[in-house]
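This report refers to the structure that appears directly beneath it.
Sequence positions, counted from 1, serve as the residue numbers for this chain.
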Amino acid sequence: MLYRLDLGWPKYSEYFTGTTFCVAVDSLHGLVYVAQRGDNIPKVLVFTEDGYFLRAWNYTVDTPHGMFASSTSHEQSVWITDVGSGSYGHTVKKYNSFGDLVQVLGTPGKKGSGLNPLQFDNPAELYVEDTKDIYIVDGDGGLNNRLIKLSQDFMILWLHGESGTGPAKFNIPHSVTLDSLGRVWVADRGNKRLQVFDKDTGEWLGTWNNCFIEEGPSSVRFTPNGQYLIVAQLNLSRLSVMAAPPAGSIGDCSVIHTIQLPDQVLPHLLEIDRKTGAIYVAEIGAKQIQKYVPLKSHVPAFGAEWLFS
């Protein structure tokens with residue numbers, strides 16, 4: 001097996017009192033954030049990477065969808081996309097580790113497609129680069145089907161914003177990530193494909209659809225070594241390990257390994273610890289977060305550090 005399930009994470013699953021939609025990892029500080037939906041419950045839970053519960057908060061979070069931890073030695077921060085219809089909804093928000101609201105993008109409580117000021121409608125997920133540039137997929141079934149790149153001072157650097165099936169068009173863009181070669185990967189869920197863009201210019205580089213005949217991808221992340229993508233398919237309850245393409249080529253996707261979860265587990269979004277390579281999966285069917293730990297090979301082949309069965 002490539003990964004094993006860490007049955008001891010978290011130490012007590014009773015903290016999951018709602019539907020767990022997303023998870024973020026602050027690998028610099030060894031923290032794992034979980035956002036859940038439900039009435040009269042804490043919306044955000046904070047754990048150590050060993051599974052010990054630290055704290056919870058519920059401030060200005062309505063209906064969380066996606067999240068991302070972006071931390072430096074000076075600042076611990078977590079971003080949340082909020083798809084709620086209440087007074088905090090249709091926004092992308094930045095918090096510190098204790099739940100204090102630091103920044104709001106969008107118009108709270110009002111969905112829209114405007115660019116000045118910037119508006120969202122069901123923003124699905126975001127990815128924050130080390131440079132603090134931000135990539136947002138806006139469109140978990142709403143007015144918008146778009147990919148937006150913002151600078152660290154929240155200016156729009158480039159945008160793909162059309163609904164459709166052609167190149168650089170989207171139907172429910174649900175997850176976004178970057179690889180080590182400067183490429184942006186979008187889980188274009190409704191179109192059953194991954195689309196790839198140049199992070200600097202926004203140029204469309206290619207698409208993968210041959211691995212998604214049954215169902216589109218709901219989440220995409222890269223392993224720390226950059227050699228593999230981990231992709232979740234929600235209704236199939238499946239995680240797939242795919243070989244990352246080399247520089248200058250997108251090609252077709254190749255599934256190296258799959259982790260089949262039980263029926264109705266429904267993996268929604270996932271995150272990977274940059275230091276340990278552990279995968280954390282937010283499961284909206286099972287209403288839990290599960291942690292998968294990579295098994296390291298003792299005899300590396302061709303420099304590979306991952307053991308396949």
Distance check, rounded to the nearest 0.5 Å: [X] atom [atom1] versus [Y] atom [atom2]?
X	Y	atom1	atom2	answer
F212	Q233	CZ	CD	6.0 Å
L28	S71	CG	OG	6.5 Å
I279	L2	CD1	CG	7.0 Å
L229	L194	CG	CG	7.0 Å
I80	Y88	CD1	OH	13.0 Å

Identify whether [X] and [Y] are in the same connected component of the hydrophobic contact network (ILVMFWY, side-chain heavy atoms under 4.5 Å).
X	Y	value
I289	L5	no
V231	V25	no
V220	V184	no
L126	F197	yes
M155	L118	no

Salt-bridge contact D198-R183 (side-chain N to carboxylate O under 4.0 Å): no

D130/R274 ion pair, N-O < 4.0 Å: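 Counted as a salt bridge, because a side-chain N and a carboxylate O are separated by less than 4.0 Å.
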
Minimum side-chain heavy-atom gap [X]-[Y] below 4.5 Å:
X	Y	result
I148	Y135	no
V176	L147	yes
L31	S97	yes
Y127	I134	no
R221	T177	yes
H257	S240	no
N58	V44	no
Q288	S13	no

Residue among L239, V241, V293, L295 satisfying side-chain contact (heavy atoms from CB on, under 4.5 Å) with Y3: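 Among the candidates, only V241 passes.
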
Checking [X] side chain against [Y] main chain: does a donor-acceptor pair fall under 3.5 Å?
X	Y	answer
Q36	G18	yes
D121	L143	yes
Q260	S237	yes
R238	P267	no
D62	G86	yes
N191	G164	yes
S27	D273	no
D140	P123	no
S180	G226	no
S175	A187	no

What do you reckon, is [atom1] of [X] surrounded by more than 12 foreign heavy atoms closer than 6.0 Å?
X	atom1	answer
K110	NZ	no
Y52	OH	no
E75	CD	yes
D153	CG	yes
Y292	OH	yes

Minimum heavy-atom distance between S163 and N145, given as atom pair plus value: OG-ND2, 2.9 Å

Evaluation steps, salt bridge (charged side-chain N to carboxylate O under 4.0 Å, His left out), between E49 and K291: CA-CA 10 Å; E49 61 184 353; K291 178 183 181 181; 6.0 Å; no

Distance under 6.0 Å and angle within 45° of ring axis: K287 vs F16: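 Judged by the rule (NZ or CZ under 6.0 Å from the ring centre, within 45° of its axis), K287 is not positioned above F16.
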
Ring-face cation of R37 near F21 (centre distance under 6.0 Å, axis angle within 45°):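 Judged by the rule, R37 and F21 form a cation-pi pair.
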
Centroid-centroid under 6.0 Å between Y95 and W57 rings: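 Under 6.0 Å, so yes.
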
For D82, the option from K43, H90, K93 that meets side chain to side chain donor-acceptor pair (under 3.5 Å): K93

Side chain to side chain donor-acceptor pair (under 3.5 Å) partner of D188, chosen from Q195, H174, K169: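 Output: one option passes, namely Q195.
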
Which class fits the ring pair [X] and [Y]: parallel under 30°, tilted 30 to 60°, perpendicular over 60°?
X	Y	value
F53	Y15	parallel
W9	F47	tilted
H268	H65	perpendicular
W185	F222	perpendicular

Donor on one side chain, acceptor on other, D50 and T48, under 3.5 Å: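 Their side chains do not contain a donor-acceptor pair, so the 3.5 Å distance test is not met.
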
Check: S113/R146 side-chain N/O donor and acceptor closer than 3.5 Å: no

Test log, rule salt bridge (charged side-chain N to carboxylate O under 4.0 Å, His left out), inputs E215 and R189: CA-CA 8 Å; E215 185 193 0; R189 188 168 128 189; 5.4 Å; no

